Amino acid sequence: MTRTSSRKLDHLRICATGDVERGRTGFDDVHLVHEALPECTMDGIDISTSFLGHRLASPLFIAGMTGGHPETEEINRRVASAAEHFGMGMGVGSQRAALENRELEDSFTIVRETAPHAFLCANLGIVQLRDHGIEWAERAVEMIDAQALVIHLNFLQEAIQPEGNHNAIGCLDALQGLCREYRVPVIVKETGAGISGPTARKILGAGAKAIDIGGSGGTSWAAVEVLRAPKAASARTGHHFLEWGIPTVVSLIEVAETGAPVIATGGVRTGIDIAKSLALGATLAGMALPLFRAGMKDTETLFNTIEGLHQQLRVAMFLTGSRVVQELRRSRPRLTGPTRQMLESIREESNGY
Ligand SMILES: Cc1cc2nc3c(=O)[nH]c(=O)nc-3n(C[C@H](O)[C@H](O)[C@H](O)COP(=O)(O)O)c2cc1C
C-alpha cells in the first residue's frame, strides 16, 4: 500500500468518530424571512435545479470524500447508490492514490458502475496537477467517466500535516494551463478554509467554470491532522489553526458576487442551511462529514439522512413561499451579528475605507 493510500485510511478513521468540526459557519447569523401566506402547496415544491448545464433532482451535492484504499470501496458504493437514487451530484475523494497505484482504481470505478446516470466530479489536488500535469487530470476524469473535474486547494492541511507539501508556487499557472485546454468544466474547491472574493476572481480568470467555497465552520483539516499525529511538532502548531479560515457564509456571499456558479460547502448540516445557502446565491449546497458518517453505518441510514435533509429544505421553501429553487434565491435573507460585521468590513475595504 502506498503512503498516500494509508494516509487516506487514517483520515477516514479519524473523520468517522473524531472531534473534527471547528469554527463558525455563520449560518446562525442568516435569517430566512417567514412568509405567513405562502400561497403554494408544500407537496408541490420542486427542489430540482441546474448546474453547469446538467439537470439535478436535488441542490444537495455530495462533496468529495472517499476512495483510494480498498476499504473505501463499500462506502463509495453506498454513497454512489444515493447519488443515483436521489438524482444528486457527487464528487469523489482525491484520486491521487489510484493515480499512483492502479490497483486502487476499483475504489473509484465502483462509483460510476453504481451511479451510471449521476453527475460525477473527478478530484485532484492542485499540487498534483502542478507536478504531474494534464495527464493525471485526464486519467482521473476517465477513471470515473466524470462530467466535471474538481481541483482541490488544501494548503491549511498541507501546512499542518507532518509530511505536507509546503510549496504553493506555480499552482495558478497550472490551473490556467489546464482550463485553457480541458474538455470538461473545471471546478476549484477549498476543503474547509474558504475562498475570498479576490481569490475567486483569480480562479475564474484562470478559466474555472465554478467554485466550491469549502468554507470554515465544518470539518477542519487542521483538527484532522492534529488528531492524526498528536505528538508531532506540527500538531503544536496545528492547535492554533483549528478555527482558521473564512466562514462559509462570508465566503459564499463574496464568491457569489462574481456571478459564477457556486457550491456552498463547509458545515452545511441541515435542510435549513441548504435553503440559506441557496437564498444567499449558491447553486448547490455541498455536504461531506454527515453523509460520510451516515454512509459508514449503512445504506438505509444514508438514505434516511438525505430524505430528512430534503424534507427540511421543502419545509423551509414552503415557509418562505418558494415553489422552486429560483424563488428561494429571490427571498433576501437578513444578516446579523459577526457575519454581517465581517461582510461590512470587507465592503469598506474594497471601497478604500
Ligand atoms: C471523510 C472526508 C474525506 C474528505 N476527503 C476529501 C478529498 O479527498 N478531496 C477533497 O477535495 N475534499 C475532501 N474532503 C473535504 C470535503 O469535501 C469538504 O470540503 C469539507 O469536509 C467540508 O465539508 P463538511 O463540513 O460538510 O465536512 C473530505 C471530507 C471528509 C469529511
Side-chain angles (χ1 to χ4, degrees), residues 4-5 7-27 60-69 71-72 75-76 78-79 89-99 104 107-108 111 121-129 140 144 148-158 161 186-195 211-225 227-228 243 245-249 251-252 262-270 273-274 277 282 284-296 305 309:
T4 309
S5 178
R7 188 165 55 230
K8 185 74 195 177
L9 198 59
D10 289 347
H11 288 152
L12 297 180
R13 287 190 174 141
I14 291 164
C15 286
T17 54
D19 178 15
V20 294
E21 293 177 273
R22 294 299 155 92
R24 269 191 97 237
T25 57
F27 282 120
L60 174 60
F61 181 78
I62 303 171
M65 292 178 279
T66 87
H69 188 283
E71 285 185 32
T72 65
I75 173 95
N76 256 356
R78 291 179 195 163
V79 175
M90 170 181 173
V92 295
S94 169
Q95 289 166 265
R96 176 181 175 185
L99 293 164
L104 297 169
S107 63
F108 291 102
V111 172
C121 299
N123 187 305
L124 191 62
I126 193 129
V127 172
Q128 284 72 52
L129 172 70
I144 58 165
L149 170 63
V150 164
I151 299 294
H152 74 255
L153 315 178
N154 68 333
F155 285 108
L156 169 63
Q157 181 183 17
E158 299 284 358
Q161 195 175 89
V186 173
I187 304 169
V188 172
K189 155 184 200 291
E190 240 293 347
T191 45
I195 293 179
I211 292 182
D212 180 334
I213 55 162
S216 169
T219 305
S220 155
W221 286 88
V224 175
E225 292 299 344
L227 288 170
R228 179 167 161 258
E243 301 194 358
I246 306 170
T248 294
V249 169
S251 180
L252 166 58
V262 178
I263 306 178
T265 308
V268 172
R269 295 293 177 261
T270 66
D273 292 345
I274 300 172
S277 300
L284 301 176
M287 193 182 275
L289 193 70
L291 300 179
F292 171 68
R293 288 184 172 166
M296 287 286 287
T305 301
L309 290 163

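Both ligands and their constituent atoms are indexed starting at 1 by order of listing. It should be emphasised that the depicted structure is a prediction, and the values quoted were computed from it without experimental measurement.
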Trainee: Show me which atoms of ligand 1 lie under 4.0 Å from any heavy atom of L289.
Mentor: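 Within the 4.0 Å cut-off of L289, ligand 1 contributes 24 (P), 26 (O), 27 (O), 31 (C).
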Trainee: At their closest point, which heavy atom of I263 faces which heavy atom of G286, and how far apart are they?
Mentor: CG2-N, 3.8 Å
Trainee: Who's closest to atom 18 (C) of ligand 1 heavy-atom-wise, of V268, T265, I14?
Mentor: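 When every heavy atom of V268, T265, I14 is considered, T265 comes closest to atom 18 (C) of ligand 1.
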Trainee: Using a 3.5 Å distance criterion without hydrogens, assess whether the side chain of S5 forms a donor-acceptor pair with backbone atoms of G68.
Mentor: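 Yes; at least one donor-acceptor contact below 3.5 Å.
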Trainee: When you compare the side chain of L12 with that of T72, does any pair of heavy atoms fall below 4.5 Å?
Mentor: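 Contact flag for T72/L12 side chains = yes.
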Trainee: Could you tell me which atoms of ligand 1, counted from 1 in the order shown, lie closer than 4.0 angstrom to a heavy atom of G218?
Mentor: 25 (O)
Trainee: I'd like to check which ligand 1 atoms, numbered from 1 as shown, lie under 4.0 Å from a non-hydrogen atom of E190.
Mentor: 19 (O)
Trainee: Going by the order shown, which atoms of ligand 1 are within less than 4.0 Å of some heavy atom of G266?
Mentor: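 Numbered from 1, ligand 1 contributes 22 (C), 23 (O), 25 (O).
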Trainee: Quick one: side chain to side chain contact (heavy atoms under 4.5 Å, CB included) partners of S251, sequence neighbours excluded?
Mentor: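 So S251 forms a side chain to side chain contact (heavy atoms under 4.5 Å, CB included) with I195, I213, I246, V255.
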Trainee: Regarding atom 15 (C) of ligand 1: of the candidates K189, H152, M65, M287, which has the closest heavy atom?
Mentor: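 Residue with the shortest heavy-atom distance to the ligand atom: K189.
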Trainee: So which protein heavy atom does atom 20 (C) of ligand 1 come closest to, and at what separation?
Mentor: T191 O, 4.0 Å
Trainee: If you compare all heavy atoms of C121 against all heavy atoms of I187, which two are closest, and at what distance to 0.1 Å?
Mentor: SG-CD1, 4.0 Å
Trainee: Applying the side chain to side chain donor-acceptor pair (under 3.5 Å) criterion to N123, which one of Q95, H152, K189 satisfies it?
Mentor: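 Exactly one pass, corresponding to H152.
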Trainee: Less than 3.5 Å apart, which donor and acceptor atoms pair up between the side chains of residues 15-24 and the rest of the protein, not counting sequence neighbours?
Mentor:
residue : atom : partner : partner atom : Å
D19     : OD2  : R22     : NH2          : 3.1
E21     : OE2  : R269    : NE           : 2.7
E21     : OE2  : R269    : NH2          : 2.9
R22     : NH2  : D19     : O            : 3.1
R24     : NH1  : D29     : OD2          : 3.3
R24     : NH2  : D29     : OD1          : 3.4
R24     : NH2  : D29     : OD2          : 3.3

Trainee: Give me the atom names and distance for the closest heavy-atom approach of P290 to V268.
Mentor: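 In terms of heavy atoms, the two residues are closest at CG-O, 4.3 Å.
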Trainee: Below 4.5 Å, heavy atoms only, C-beta onward: do W221 and H11 meet side chain to side chain?
Mentor: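 The answer is yes; the side chains approach within 4.5 Å.
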Trainee: Please confirm whether K8 approaches ligand 1 to less than 4.0 Å, judged on its heavy atoms.
Mentor: yes
Trainee: Is L12 touching ligand 1 with its side chain, its backbone, both, or neither, if touching means heavy atoms under 4.0 Å apart?
Mentor: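 The side chain, only.
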Trainee: So for ligand 1, is F292 a polar contact partner (N or O within less than 3.5 Å, distance only)?
Mentor: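 In fact, backbone or side chain, F292 has no N or O that close.
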Trainee: Please examine the side chains of V79 and L291, heavy atoms only from C-beta on, and report whether any two atoms are closer than 4.5 Å.
Mentor: no
Trainee: For atom 6 (C) of ligand 1, which candidate among G64, C15, G93, A285 provides the closest heavy atom?
Mentor: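 Heavy atom nearest to atom 6 (C) of ligand 1 belongs to G64.
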Trainee: Would you mind running through ligand 1 and noting each atom that sits below 4.0 Å from a heavy atom of R269?
Mentor: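 That gives atoms 24 (P), 25 (O), 26 (O), 27 (O) of ligand 1.
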Trainee: For atom 27 (O) of ligand 1, which protein heavy atom lies nearest, and how many Å away is it?
Mentor: T219 OG1, 2.5 Å
Trainee: Can you pull out the closest protein heavy atom to atom 29 (C) of ligand 1? Residue, atom name and distance to 0.1 Å, please.
Mentor: W221 CZ2, 3.4 Å
Trainee: Which atoms of ligand 1 are found less than 4.0 Å from any heavy atom of N123?
Mentor: 9 (N), 10 (C), 11 (O)
Trainee: Using a 4.0 Å cut-off to any heavy atom of S94, which atoms of ligand 1 qualify?
Mentor: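 Under 4.0 Å from S94, ligand 1 has these atoms: 7 (C), 8 (O), 9 (N).
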